[in-house]
Amino acid sequence: MMVRNDIKKEFGDYQTPGYFAVKVCNLLKDKLKISPAVVIDPTCGVGNFLKAALNVFDNVKEAVGVEINKEYCGKCRERIRDPRLGVTHGNFFSYEVTKHLKDETLFIGNPPWAMNANLKFNLPQKVNFKGLSGTDALTGASNFDICEYVILKLIEGSIGKNVSIAMLCKTSVARNVLLELDRNDVPVDLVRMYTFDSLKVFRINASACLLYIKMSTDDSKCRNCEVYDINYPDHVCETISFKNGRLCSVKEDVPDLEGKCCFEWRQGVKHDCARLMELEKTGESFYRNKNKETVELEDALIYPLIKSSSFKTPVIHDRFKKYVLVTQKKPREETEYIKELAPQTWKYLNDRKTVFDSRKSSIYTGAPAFSMFGVGEYSFAKYKVGVSGFYKKPLFSLLYSEKPVMVDDTSYFLPFDNYADAYTCMLMLNSEKVQKFLLSISFPDAKRPFTKKVLQRIDLKKCAENISFEELVKTEKRLNLPCSITAGMYDAFSGHIWEQNKTMLFS
DNA sequence: ACAAGTTGCTGTATAAGCGA
DNA sequence: TCGCTTATACAGCAACTTGT
């Protein structure tokens, strides 16, 4: 059964308020100097954008609306009694909207801001349109926003034509579109983002913008996108460059630390069963789970856990509040061994097996009972330098204790086998230069500004070359840490990075 | 058969800020 | 200090379109 709210989500049924549609059209006319002959809204709803466009622009000869909801089609025709308007009842995914292209054309609209993973039937045929490979194509990276799909389709159909595209979307979608423009080498004259407050306009909590793309009729390839606040359209807030498969904010004096990290950043452990796997210690070998059951368990599989919210100090090595059960040393490992090694833990797990078996994530299908993900040799490293993916400004923390410290799946870390390297790396990542660089390649309005992809872009070799020992001393002071970094530690770490970098290049 | 994790949730809770 | 708006910091799980 679908409740009304689900249907609203499924079809992205969030009508653009009339005043806002007018505001957008005026902006396009006054600031971007467009004067379309044809206006097309591929997901027009009750037609607020079409109505605004017909009123605001002076030379519109034809307006085309496509809408999946029949009732809205009727409403749209009723509300806009204009001979230039044609409304089609249809689905964007099957309707060839580009057949209406002629002269100067404007695509305008507000496509559904929903992820295809969350949709049930109102979605395009699933093809690997971004050309992802291997696990990426089948897991997280392949999830995408319907709005993104709509915009990319419009771009594809407009290459080389006198077309402007102006769409409301999440800023995360707009950034993905920039990456696709780069990846497909699409000629464009101008790309801009005008951010607006989607809480005010749509009563939803997402960072959003009007994405404007002017397709190029020659071969000019603009690869910078200026970002404005829609309320202050004369003031550039920032400029995002999209080149070589990467986004970064164009800022003054950002140190160039861009490259490929010679170590692999890892996401924390995943179990999709926090109720049973996350424990609080209540006494010697007694633990309480999130179902408030107190159980006696062996220490064998229990590790201290640092969650995103715990990354508040640069060194974390005691006073752990949470613990986590880690059932495997690597993915797909058999879990039967637990019966011998830790019988009480085995019983605890088996008594609650149905909970584990009803986990829906596809990564567990066909895997041994109580399987986890994001486990490997790296999970058991004695020292880690971790960071929360959620923070706007990253704080890197050194993690260690008697047993390896685990981090949850909203955090990322680098594994180390010795304290000195881990400590030095922590200081280096917290140094002003790395922080500045990271802020230039991350976007604070993202739900998760720091991801594996972003972190992997920190070239540690460049860091070692550009960040002096003195700067680490300064960082140590700024973090209120007792003075313990030595030139020896710094040199040793730089050396290790150098070697690792060579290994990476030859592998 | 199997490689070997990422990302979003048109989020939510709470703190902080502000005017009266 | 109330009561509202706005900013910030976070929960944890389900979904995920392949290529050899």
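Residue numbering restarts at 1 for every chain, and letters A, B, ... go by the order of the sequence lines. Keep in mind the model is a prediction, meaning the values are calculated, not measured.
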Item to check | Atom pair distance, as rounded to whole Å: CG in A/Leu455 and C1' in B/dT7 | outcome: 14 Å

Item to check | Charged N-O contact under 4.0 Å between A/Lys462 and A/Glu258 | outcome: no

Checklist entry - Whole Å only: how far is the CD atom of A/Gln267 from the C1' atom of B/dT6? => result 6 Å

Checklist entry - Can the positive tip of A/Lys452 be found less than 6.0 Å from the middle of the six-membered ring of A/Tyr412, inside 45° of the ring normal? => result no

Checklist entry - Want to settle it: does A/Ser172 or A/Gly374 sit nearer the 5' end of DNA chain B, counting the closest nucleotide to each? => result A/Gly374

Item to check | Whether over 12 other heavy atoms sit under 6.0 Å from A/Arg352 CZ | outcome: yes

Checklist entry - Across the strands shown, which category fits A/Tyr378 at heavy-atom distances under 4.0 angstrom: base, sugar-phosphate, nothing? => result sugar-phosphate

Item to check | Length of the CZ-P vector between A/Arg266 and B/dT7, whole Å | outcome: 14 Å

Checklist entry - Reading nucleotides 3-12 of chain C 5' to 3', which nucleotides get B (base under 4.0 Å from a protein heavy atom), which S (sugar-phosphate only), which -? => result ---S--SSSB

Item to check | Between P of B/dA4 and CD of A/Gln328, the distance in whole Å | outcome: 15 Å

Next on the checklist: For C/dG12, give the paired nucleotide (Watson-Crick: N1-N3 plus N6-O4 or O6-N4; G-U: N1-O2 and O6-N3; both under 3.5 Å), or none.
Outcome noted: B/dC9

Item to check | Chi angles and distances behind the ring-ring contact (aromatic ring centres under 6.0 Å, His included) call for A/Phe390, A/Phe311 | outcome: CA-CA 10 Å; A/Phe390 278 144; A/Phe311 284 98; over 10 Å; no

Item to check | Distance, C1' atom - from C/dC10 to B/dC9, rounded to whole angstrom | outcome: 13 Å

Checklist entry - A/Asn176 CG to B/dT7 C1': how many Å, rounded? => result 11 Å

Checklist entry - In Watson-Crick or G-U wobble terms, both distances under 3.5 Å, what is the partner of C/dG3? => result B/dC18

Next on the checklist: Whether the A/Gln328 and A/Ser371 side chains hold a donor-acceptor pair (N or O, under 3.5 Å, no angle test) is what I'd like checked.
Outcome noted: yes

Checklist entry - How close or far is atom C1' of C/dC13 from atom CE of A/Met372, stated in whole angstroms? => result 14 Å

Item to check | Pairwise P distance, C/dA14 and B/dA4 [rounded to whole Å] | outcome: 25 Å

Item to check | More than 12 heavy atoms of other groups within 6.0 Å of A/Asp318 CG | outcome: yes

Checklist entry - For the residue pair A/Tyr194 and A/Tyr228, does the interplanar ring angle fall in the parallel (under 30°), tilted (30 to 60°) or perpendicular (over 60°) class? => result parallel

Checklist entry - Rounded to whole angstroms, how far apart are CZ on A/Phe373 and P on B/dT7? => result 14 Å

Checklist outcome for this item: Out of B/dA4, C/dC13, B/dT6, minimum distance to the side chain of A/Lys452 belongs to B/dT6

